[in-house]
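Everything below concerns the one structure shown next.
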Amino acid sequence: MAVPKRKMSRSNTRSRRANWKAAAVATVACPQCKSPKLPHAACSVCGTYNGRQVLEV
């Protein structure tokens, strides 16, 4: 197992941790009802995907 030779400073530790950010969920507008939906997934409001009705809503 790798063990660090020297203690990492606070500024180096904090600058490394600063890059861990929460990203917002990517959404696209549904072409049928214009509500936000996940990309490559059926719309939960109108139940369409790729121009076809795939879910009963």
Side-chain angles (χ1 to χ4, degrees):
M1 185 170 152
V3 179
K5 262 190 193 219
R6 303 244 186 264
K7 180 179 180 177
M8 187 174 277
S9 68
R10 284 185 186 161
S11 63
N12 282 350
T13 302
R14 289 173 181 163
S15 68
R16 186 188 69 242
R17 288 179 180 161
N19 290 319
W20 284 79
K21 297 180 187 78
V25 177
T27 57
V28 295
C30 174
Q32 301 289 327
C33 64
K34 307 294 188 243
S35 65
K37 70 174 192 74
L38 293 174
H40 305 287
C43 179
S44 59
V45 177
C46 63
T48 59
Y49 179 74
N50 202 14
R52 297 188 313 251
Q53 187 73 27
V54 292
L55 298 174
E56 279 188 32
V57 181

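The chain is numbered in sequence order, starting from 1.
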Would you say [X] and [Y] make side-chain contact, with heavy atoms under 4.5 Å?
X     : Y     : value
Lys37 : Val28 : yes
Arg10 : Thr13 : no
Arg14 : Asn12 : no

Which heavy-atom pair separates [X] from [Y] by the least distance, and what is that distance?
X     : Y     : result
Thr48 : Cys30 : OG1-SG, 4.0 Å
Cys46 : Val57 : C-CG2, 3.9 Å
Leu55 : Cys43 : CD1-O, 4.2 Å
Lys34 : Ala29 : O-CB, 4.3 Å

Subject >> Gln32 side chain vs Arg52 backbone, donor-acceptor pair below 3.5 Å >> reply: no
